[in-house]
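We name chains A, B, ... by the order of the sequence lines, and we start the count at 1 in each one.
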Amino acid sequence: MSRDRGSRLLGEGIIKGLAETARNFFGSYVSKQRLTTVQYPEERIPQDESFRNFPFLVYDGSDPEAGLRCVSCQICEKECPPKCIFIEKSKDKKPDAVGKPQFYPTVFDIDVSVCMSCQICVEVCPFEAIKMDVKYDYPTESRFAALLFDKHQLTKSNDYYHQIHPTEASAVDAALAAEREAAATKAAAAAAKAAAAKPAATAGAPGTATASAATSTVTPPSDTTAGEPR
Amino acid sequence: MTTAWAPITEPNATETPSLGQPAPRPAVPVTSDSALAEQYLEISMGPQHPSTHGVFRMNVVLDGERVIQLKPVFGYLHRNHEKIAETESYLGNMPYTDRLDYICSITNNWAYALAVEKLGGIEVPERAEYIRVITGELTRLQNHACLLGFLLQDMGASGTPLMYAFREREKVLDLFESLTGARMMCNYLRFGGCRVDLPAGWLDRAKAFLAEFPRFLDEFERLLVDNEILMERTQNVGVLSRELAVSSAISGPMARASGLNYDIRKADTYSIYSRFSFRVPLGHHGDVYDRYMIRFLEMHESVKILEQAMRDIPAGPIQNPAVKARLFRPKPGEAYGRIESPKGELGFYLISDGSGIPYRYRVRPPSLINLTVLEDLCLGRNVADVIAILGSVDIVMGEVDR
Amino acid sequence: MTQTPDQVFVILKHWLLGYVPTSVHAIASAVLSILPLMVVFPLLFAITTLLERKGLGRIQNRLGPNRTGPMGLWQPLADGIKSLTKEDIVPFTADHIVHFLAPVLLVVAAFLAYAVLPVGRNMVLVNLNAGVLFFFAVGSVVELAVFMAGWSSRSKYSMLGAMRAIAQMISYEVPLVLASVVVIMQAGSLSTVDIVERQATYTGIFPHWYVFTPWGFLGFILFMIAATAESNRSPFDLPEGESEIIAGYYIEYSGFKFALFFLGEYLGMFATSGIAITLFLGGWSAPLSVLTFIPSWAWFFLKLLTLICMFIWVRGTLPRLRMDQLMNFAWEFILPMALFNMVIAGLWRFMNPGAVRWFVCAFLILVPMFVLSALLKRKKKLQLRTYSFAE
Amino acid sequence: MELEILKSEIEAAIPDCRLEIVPNPAPSAQHSLRVAPEHGLAVAFFLRDSCQFDFCTNVTGVDWPAKELTEKIKVKQLVDGEEKEVDQVRKTTVPGSLEAVYHLYSVERGLGPLPLRMRTTDRESGVHLPSLTSVWRSAEFQEREIYDLYGIVFDGHPDLRRILMWDGFEDHPMRRDYVEPDDYEYEPTAHDEVLARAKEHAAKANTV
């Protein structure tokens, strides 16, 4: 874009600049595009659906303790770049959504003053147990203790998750539902096979064996790194 | 009551400076010791200074208003990014690269991803390459707009061009927020592709933004490009010769303003830049005005690239399935990958010893290396020019100090 | 005394004087004249700070202050209270007496300049027959106050700012005076009241303002450029170049002294634009003969507000000049044009009136303007650059 | 491949200098050229002037601490009377060194990265390398950074000072064996060892 122009009066560029600011001055009364102020506390820019801030733990159903998806496999604790997640695993197990006994975290702290909401934990979690929240204003009185969110402050229901990230939540639910069906069909197939094998193995207490056989033959959970769906 | 100008007494050199005391100042050439002797005024511009673009300090020795000696001082924002990188996994380093040049976070991610892909020999699917070009060029647009605003703010135009530039930048950041989830800390690219596909309607919003971006460029040009005061303040100020530019590896718009035809998108083509037709503007004088205009013309070129990229972006996967993000262990070896970031040549040099953690992780910071010639450009000029020249170098302290 | 609304303040003053015993008559009349000026112009200063921030905001696509009061109306009050309550820090090595006196001297000098300003029909504080001379004499005291501030705060940045301020103000004082000499030549008197009287007559509905003559228009432009420099306003705000030397000579001031500096600067701006109105825009006279029913003081303040908006508009647009460019511009462009303008005014005076005179003078002004601007351009090698493109 | 040609060219031009090609197993195949420190300057001038490598983009410091290689070898040994094959673990320690890597490009000939490497004799006393700032001006700040973070002293550098750390700092933080001082202020996250250290410091602080 080369432009050549003879020598002009000294002030011509300045006058053009002044005309430009005048257009913006009068434009600001007319067009919305030239007045970009948003009165923050009263008006707020509508938040985009994929906005992310600090993480939170998802639980299905109504009871936060029982429906917690997190099985405290501590992958997110290892992968978190600024190391701001602290998990302590439970001794006993509780049945998860599919009914399989899994560990659960007795302590799940996230130090929000260190977390940079980079969502690496969401990416590496194999159980869709941790998702990104959208709430960003957490006024607290002390810098360290109050900003260390414990499990109760972090757990939020799945329909809250549907509220803030609708498309992502429905995709996650679809994937989980598919997984559960696969697990259920495999369990049913295993039960059927066990039932077929049992009559061949003549006697044996039918009732309790099939029940325990059904649950135990379902793919035994490997304690540390579970299979990775993604 | 002392009427004569009593110089502030020097802390005697013997006592070691405690943390509160300033370090004993370097010997300032004082011609003779009589009270009326000609003394040089030694001021420190920064680290708290309205126009040093962050915590950057210059020890300037002035003779009246003319600069005799200018020593830059770095390190106020030094977090030892490379030491942290030697304790994090490859994936864990990606969010930290956003914090290098915190104005263009996606191009930082791109440079790191490119280096790791060279290290691991990873291909990137078509659609991911197009998304990378689109987000990279959008980053260039908002970085150049941002810089022109700051440069004019340094030269006294009280906020008006800066506000116009930021009005446009906000639109780009909104696009990034809806794509990656965060406005400035995108953490969006992965080794072998991107993290999330374009949400529905994102491409149309991007096209709408692109349609009216040239209007901002024309407005900016009418506002100031022909302005006599700006021309007087910037023409023939801080001239950088082509030989000095090559010898001190100056890269980016600052080098092209001195006529050095070295744009990495063309010279060392990476990704799919060979498919787009765009031109590289070159200046002939290498002064602050040329650096201002080159960035201005580069915005026009970026708009052209974006139009072509948005027109023929294919459907398809956005992530190379073979690459496991979490337990990624490249084979031992080393690789140096570089891209044309808005500030210059941003390179990553990675040495891997086969484990999941990089053995050596080095960032080639364009801002720091472009500052090598700051003293050569500023010698003999006066204080107002030092600020204009520093503004035209376009530094971001996150990248300079790492 | 014809229309009462025009003379309402004069009548009010005389009515009040009636209650005062004749012994203190002189002092009371002086106080009754000074007091309204001491109230009106600081009030105008308050309004201007709000106008400036709202105007700059609108230029920059934003709203400007609107939180304090309906349209941000109480913002000046808030600023005043803030500056009163802020702690007044004086650097330890500062020269305390001179440090304290600088803002006081600045404000006193600024107020003195209003003595000769004809705010309305026979509403002038003191009708000196050398009014303009008095104005420029008092105007130069401001430089002294500025240098006192810079020198006494013993800080390097304030020292740089003070040096710059002195150089700039002195080099723009000369063209300021020369641009006004043209009007004095034409009006034949130094008294501001006579100058306004001479411009208040009309032919048909058009007034005899000097700005409508070619030399008057050029004089007005030169005067306004020099006035911007004199009051350290935008393209020439080098003494307090925020991006370079942070705040120049008043960097070491805080609290009310800092507010006093602003008051002094704005009062100086009103005074110089007041004199510009008196010399070129016909003081308090109405722009059209049919509009004389509006009181004369209203016209003065209306013109003052338009000039203030011009200052704000220029501040929102232009970047800052560098020190040596500022000086070259003063000595190599403004001064020669002002001298040339005096020659043209002389020619205008001795040619018989009519269209011929108009075109000759106008032509004789445009020629040197182009020559000088081309000369200045070539010396600085300013040109629009072309850029090559590599494929 | 052209690196061999380049190596032979250099060795022809500069009589007694020995060059060594360091293969790079990664797919990027950026093989590098190692030169002895005493010939570094001569090789650099030759590369810049005759081979037109005039764009030195990146200067990196790398720390190779001493390594212990343990390998099993078969050793004939007399064991209670007769000859027997016995495998034995032998520990050989590779001496540690600091290394400076210069990535060179050519603007005219558009040549790719040529990493030029120089190693110091050891990591304590012999940490001297020739400074290539006189050849490529871009190395000035980067060599100061390597001196600051790794401790390689570049002889002939115009202004070798610390660039990132403050002048009163003694140690070199990027070395592998750098021990972090544990008395700098940090924000103790209220958890495990960080918390423990904070408590221990608090105890020590108010006792002394």
Side-chain angles (χ1 to χ4, degrees), chain A residues 1-3 5 8-25 27-28 33-38 45-53 75-76 78-83 115-126 132-134 136 165 167-168 171 225 228 230, chain B residues 84-85 87-89 91-96 98-99 157 160-161 163-164 166-167 170-171 174-183 185-187 190 195-196 199-200 202 212 215 217-231 279 281 293 296-297 300 319 321 324-327:
Chain A
M1 170 177 95
S2 65
R3 291 165 289 113
R5 206 173 295 168
R8 297 162 293 99
L9 192 63
L10 197 60
E12 191 183 330
I14 294 174
I15 293 161
K16 216 151 48 117
L18 285 170
E20 194 51 42
T21 34
R23 175 179 304 124
N24 270 295
F25 180 81
S28 69
Q33 209 258 345
R34 290 215 187 278
L35 188 66
T36 53
T37 318
V38 170
I45 298 176
Q47 224 154 46
D48 200 281
E49 196 222 316
S50 58
F51 174 67
R52 53 180 159 91
N53 206 22
I75 289 178
C76 57
K78 284 194 278 293
E79 283 301 318
C80 172
K83 302 286 179 291
C115 169
M116 57 183 180
S117 55
C118 61
Q119 65 81 37
I120 294 274
C121 48
V122 173
E123 208 173 317
V124 296
C125 172
M132 293 310 275
D133 204 340
V134 287
Y136 51 84
H165 302 303
T167 45
E168 190 189 325
T225 54
E228 266 206 306
R230 203 187 307 274
Chain B
I84 295 171
T87 60
E88 292 289 335
S89 68
L91 175 67
N93 283 329
M94 186 59 94
Y96 284 119
D98 291 337
R99 270 94 182 154
T160 313
M163 288 299 171
Y164 296 164
F166 265 55
R167 178 188 67 204
E170 286 309 316
K171 293 176 189 156
D174 290 346
L175 286 176
F176 285 160
E177 180 175 343
S178 63
L179 175 63
T180 68
R183 289 156 42 87
M185 300 296 149
C186 301
N187 180 16
R190 290 293 176 266
R195 171 163 56 86
V196 171
W202 189 85
E212 39 145 305
R215 221 155 47 80
L217 290 181
D218 305 340
E219 178 186 76
F220 218 78
E221 184 184 0
R222 279 196 307 273
L223 178 66
L224 276 172
V225 167
D226 297 350
N227 191 315
E228 277 75 11
I229 296 182
L230 177 72
M231 283 159 74
R279 306 179 306 171
M293 281 304 290
F296 195 76
L297 300 174
H300 285 283
Q319 172 71 11
K324 288 208 303 295
R326 194 162 76 79
L327 300 167

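Of the atoms belonging to B:Arg222, heavy atoms from both backbone and side chain fall under 4.5 Å from chain A. If you measure heavy-atom distances from B:Thr160 to chain A, the contacts under 4.5 Å come from the side chain alone. Proximity to chain B is absent for every atom of A:Met132, based on heavy atoms less than 4.5 angstrom apart. Looking at B:Ile84, there are no atoms closer than 4.5 Å to chain A (heavy atoms on both sides), in backbone or side chain. For A:Thr167, no part sits under 4.5 Å from any heavy atom of chain B, backbone or side chain. Only the side chain of B:Glu88 has a heavy atom closer than 4.5 Å to any heavy atom of chain A.
Options B:Glu212, B:Met185, B:Glu170, B:Arg99 differ in how many heavy-atom pairs under 4.5 Å they form with chain A, and the most are formed by B:Arg99. Interface summary for chain B: among A:Gly17, A:Cys80, A:Ser50, A:Ala19, the most heavy-atom pairs under 4.5 angstrom belong to A:Ser50. Ranked by non-hydrogen atom pairs under 4.5 Å with chain B, the options A:Gln33, A:Lys78, A:Glu49 are led by A:Gln33. Among B:Arg183, B:Arg195, B:Arg167, the residue with the largest count of heavy-atom pairs under 4.5 Å with chain A is B:Arg195.
Residue B:Ser178 comes nearest to B:Pro199 through the heavy atom pair O-CG, 3.5 Å, listed as atom of the first residue, atom of the second, then distance. When all heavy atoms are compared, the tightest approach of B:Ala182 to B:Thr180 is O-OG1, 3.0 Å.
Between the side chain of B:Asp98 and the backbone N or O of B:Asn187 there is at least one donor-acceptor pair closer than 3.5 Å.
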Test side chain to side chain contact (heavy atoms under 4.5 Å, CB included) on A:Glu79 and A:Glu123; report intermediate values, then the result.
CA-CA 10 Å; A:Glu79 283 301 318; A:Glu123 208 173 317; over 6 Å; no

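In this structure the side chain of B:Asp174 never reaches within 4.5 angstrom of the side chain of A:Asp48, judged on heavy atoms. The closest side-chain heavy-atom distance from A:Cys118 to B:Met94 is not below 4.5 Å.
A salt bridge links A:Arg34 to B:Glu219: one of the charged nitrogens lies within less than 4.0 Å of a carboxylate oxygen.
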